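In what follows, a structure is listed as structure tokens, so that the remarks can point back to it.
All values reported here derive from a predicted model rather than from experimental measurement. When reading the values below, keep in mind they use all heavy atoms of this one structure, side chains included, and skip hydrogens, waters and symmetry mates.
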Amino acid sequence: MKRTHYCGELREAHAGQEVVLMGWVQRRRDHGGLIFVDLRDREGIVQVVFNPEQEPSAHELAGKMRPEHVIAVQGTVALRPPGTENPHLQTGRIEVWAKGAEILSEAKPPVFPIEDEIETAEDVRLTYRFLDLRRFPLQRNLRLRHRVYQVVRAFLDRHGFIEVETPVLTRSTPEGARDYLVPSRLYPGSFFALPQSPQLFKQLLMVSGLDRYFQIVKCFRDEDLRADRQPEFTQIDIEMSFIDREDILTLMEALIAELFEQAAGILLPRPFPRLSYTEAINRYGLDKPDLRFEMELKDLTDLLRGSGFRAVAEPLAVGGWAKGLNTKGCGGSSRSELDGLTDFVKGFGAKGLLWLKVTTNGLQSPVAKFFQPDVLHGIQGRLKGEEGDLLLVVAGEPIVVSEALGRLRVKLAQDLKLIPEGEYRPLWVIDFPLLEFNEQEGRWAAVHHPFTSPMDEDLPWLDADPEKVRAKAYDMVINGQEVGGGSIRIHRREVQSRVFERLGIGPAEAKAKFGFLLDALEYGAPPHGGIAFGLDRLVMILSGASSIRDVIAFPKTQRAQDLLTKAPAPVEPAQLRELHLKIAL
RNA sequence: GGGGUCGUAGUUCAGCUUGGUUAGAACGCUGGCCUGUCAAGCCAGAGGUCGCCGGUUCAAAUCCGGUCGGCCCCGCCA
């Protein structure tokens with residue numbers, strides 16, 4: 001027998017046709033006489049009818065069919081008798097009258113039901129991922145992911161980008177995430193590293209004159225996992241020569257807009273708004289603001305400076321900030337709800353959370369007595385507090401205040417269901433700082449990466465006031481998720497050396513670890529820049545998945561294990577000897 | 001490294017506070033009956049290392065300590 005159709009594609013128009021179907025038994029309804037088998041393949045489900053009076057041998061075989069058996073059926077497509085149509089099935093107006101059948105493969109009962117909505121524990125699903133992937137929602141996500149590959153490749157090809165593969169076995173470089181290492185057999189004691197991104201290779205390809213490069217590429221970072229983070233993930237990696245920031249933002253916006261439209265029928269509002277890093281932090285507290293709702297942060301520093309409340313006055317006296325937001329209509333919040341919010345902001349380093357309820361008799365708050373009436377009035381005015389509102393204020397170090405209130409803003413919007421379904425709000429965040437001071441290591445570190453170009457006009461500040469130097473870097477953010485980021489790169493050797501120096505990477509170390517890049521910059525490097533998108537996160541947004549594991553065929557657990565293959569696993573002593581490795585636990 | 005939460009038939013859960021009969025339910029599974037069902041129906045049956053280790057106790061799924069694992073978060077992720 002040779003398959004002629006997919007189960008899920010049959011419609012009324014096929015009535016009367018002879019078909020051969022192959023697939024998995026979804027369910028069998030055995031009436032003693034008639035047997036109904038729901039047959040499933042990747043396109044859907046169709047009902048097959050086995051009639052003992054018409055085809056006794058096929059009917060007898062149908063009696064042996066069990067869920068998830070793989071079978072072949074030969075039969076005739078027929079309109080269902082009136083009154084027996086099933087409106088829940090795409091194929092529900094027809095059925096297949098079986099003339100012959102074959103069991104191609106028997107199956108043990110599945111560990112969990114193969115249905116759209118299941119509540120099976122995720123470790124069971126991951127251990128039997130091949131069964132989990134039979135379920136329609138995951139197949140839909142994988143097919144959406146496939147569409148993403150195709151749309152991206154078509155767009156970039158049309159715009160002159162050349163797809164190039166870069167090495168997976170490469171060298172470890174300082175800065176950035178922890179590397180996955182691969183021991184070298186031929187060079188005892190030396191290691192390859194799996195790339196955290198093909199950053200340096202794509203820059204070298206620009207020096208080589210490729211002009212426009214892209215790659216859909218796996219990247220590896222040995223850091224702890226989250227709902228949107230896996231140790232191996234996929235980037236859409238892009239680099240262009242002889243362009244400025246504007247060229248990249250415009251073209252990449254077009255790429256993402258086309259992707260959303262063609263892969264998921266979503267029309268993104270264009271042009272994407274642009275926010276400077278500073279403005280994003282000031283208004284939303286985070287560098288990846290969710291624009292689907294308001295509730296902006298307001299600065300209260302000037303109002304609260306010199307207040308009698310030490311918990312506020314002290315941080316402000318040493319350069320801290322006080323900011324607040326208005327939770328509309330939440331003035332009735334209970335003490336335990338407010339305690340919960342306080343615990344939440346403390347999780348991000350805030351010392352506490354001031355709350356003020358707007359009532360008919362003015363502001364009600366345990367700390368109201370510490371503030372002059374005009375200060376209270378000022379807070380209410382600036383936060384536009386109306387009766388029934390809840391005003392929340394945090395004071396402290398600027399980054400702590402921003403992050404705590406920024407995260408609180410998102411949490412409140414989720415809890416209060418202020419986030420509209422089916423809305424997509426992209427934006428660019430630009431003008432990031434080039435450097436940030438790493439307290440732990442007591443040195444300046446690159447916010448983006450060490451090859452990011454400083455703004456030309458900020459270059460003089462590099463040594464005197466590093467904090468002031470802005471980078472030619474940009475992030476694309478959609479619905480509060482960072483989906484991509486990039487920069488214009490340094491293409492002049494002397495600038496790269498100065499940045500390395502600022503990062504505490506001396507000439508000798510730079511030569512040892514990035515010599516190839518510095519060399520390349522001395523042999524005619526074009527001005528260039530690029531971007532990398534997190535493909536998994538884009539597919540998450542497009543599919544509405546809440547976990548990155550739902551858009552990856554074979555993901556790892558939060559402890560970075562593959563429950564299906566049981567990787568990582570110990571290896572034979574002989575393998576270790578070959579690699580000149582000893583295990584020291 | 002830290003915080004939270006969950007762990008009992010194949011699956012999803014109840015039982016755990018207040019220790020004490022044979023650890024239950026639903027779905028699934030097996031057998032039988034049944035000719036228009038689509039969560040088919042009816043009857044019967046099988047199925048348990050209560051995550052693991054230790055402690056308390058006459059007695060532990062239940063109390064205590066530890067440990068392992070899933071998920072969420074902080075740190076981390078240029």
Side-chain angles (χ1 to χ4, degrees), chain A residues 26-39 45-54 59 63 66-68 78 80-89 91-92 95 97 107-115 117-128 131 173-179 196-197 199-200 219-231 233 343-349 403-404 407 411 432 434-436 438-441 444-452 471 473 482 485-487 499 503 505 532 534 546-547 549 556-561 563:
Chain A
Q26 179 72 25
R27 203 171 268 114
R28 184 182 60 122
R29 291 175 295 279
D30 186 344
H31 287 240
L34 287 180
I35 294 177
F36 300 95
V37 167
D38 290 343
L39 191 61
I45 290 175
V46 71
Q47 172 166 280
V48 181
V49 186
F50 292 88
N51 189 323
E53 288 171 4
Q54 290 171 9
H59 177 267
R66 292 294 179 273
E68 300 310 311
R80 292 198 186 189
T84 66
E85 299 90 348
N86 183 348
H88 302 296
L89 284 183
T91 61
E95 61 194 8
W97 292 355
K108 297 203 278 188
V111 173
F112 47 83
I114 310 302
E115 290 166 3
E117 304 292 334
I118 61 172
E119 290 177 10
T120 303
E122 199 163 352
D123 50 343
V124 179
R125 289 175 48 201
L126 290 175
T127 303
Y128 295 90
L131 294 180
T173 52
E175 304 270 320
R178 191 177 295 115
D179 285 318
Q196 299 176 25
S197 82
Q199 181 60 37
L200 293 170
C219 302
F220 306 86
R221 295 178 189 176
D222 187 5
E223 298 292 347
D224 287 344
L225 288 75
R226 289 287 187 280
D228 61 353
R229 264 167 39 189
Q230 283 272 305
F233 61 99
D343 288 342
F344 181 82
V345 297
K346 282 182 174 171
F348 298 98
E403 168 141 40
R407 302 290 284 256
K411 174 193 163 58
F432 279 82
L434 183 74
L435 303 162
E436 64 188 345
N438 185 320
E439 300 283 349
Q440 282 176 0
E441 298 177 28
W444 291 91
V447 169
H448 188 50
H449 57 55
F451 320 107
T452 300
E482 181 198 327
S487 62
V499 170
L503 293 169
I505 302 173
S546 56
S547 164
R549 297 180 298 279
K556 292 177 177 56
T557 68
Q558 198 181 38
R559 301 249 309 149
Q561 270 191 320
L563 294 181

With a 4.0 Å cutoff (strictly under), does any side-chain N or O of [X] reach OP1 or OP2 of [N]?
X	N	value
A/T84	B/U37	no
A/Q26	B/C38	no
A/R125	B/U12	no
A/R29	B/A40	yes
A/R229	B/C74	no

Looking at every strand, decide which applies to [X] at a 4.0 Å heavy-atom threshold: base, sugar-phosphate, or nothing.
X	value
A/V447	sugar-phosphate
A/E85	base
A/R28	nothing
A/S197	base
A/A445	nothing
A/P110	nothing

Should the side chain of [X] and the base of [N] be counted as holding a donor-acceptor pair, with the cut-off at 3.5 Å?
X	N	result
A/E119	B/U11	no
A/E122	B/G69	no
A/R80	B/C38	yes

Judged by each residue's nearest nucleotide on RNA chain B, which is more toward the 5′ side, A/N51 or A/P67?
A/P67
With nearest nucleotides of RNA chain B determined for A/P113 and A/F348 from heavy-atom distances, which residue corresponds to the more 5′ nucleotide?
A/P113
Residues A/T557, A/D123; criterion side chain to side chain contact (heavy atoms under 4.5 Å, CB included); working and verdict
CA-CA 8 Å; A/T557 68; A/D123 50 343; over 6 Å; no
Within a strict 4.5 Å, meaning less than it, do heavy atoms of the A/R80 and A/N86 side chains meet?
yes
Is the ring centre of A/H31 under 5.5 Å from the base ring centre of B/G36, and are the two planes under 30° apart, so that they stack?
no
Going by 5.5 Å between centroids and 30° between planes, is there a stack of A/F112 over B/U11?
no
A quick test of your reading: do over 12 heavy atoms of other residues, nucleotides or ligands sit less than 6.0 Å from OH of A/Y128?
no
CA sep, side-chain torsions, deciding dist, call: A/V46, A/D38, side chain to side chain contact (heavy atoms under 4.5 Å, CB included):
CA-CA 6 Å; A/V46 71; A/D38 290 343; over 6 Å; no
Taking B/C76, B/G69, B/G36 as options, the one with an atom nearest any side-chain atom of A/R226 is B/C76
Can you name the nearest heavy-atom pair linking A/L503 to A/W444, along with the distance?
CD2-O, 3.5 Å
Which value, in whole Å, describes the distance between the P atoms of nucleotides B/A46 and B/A39?
30 Å
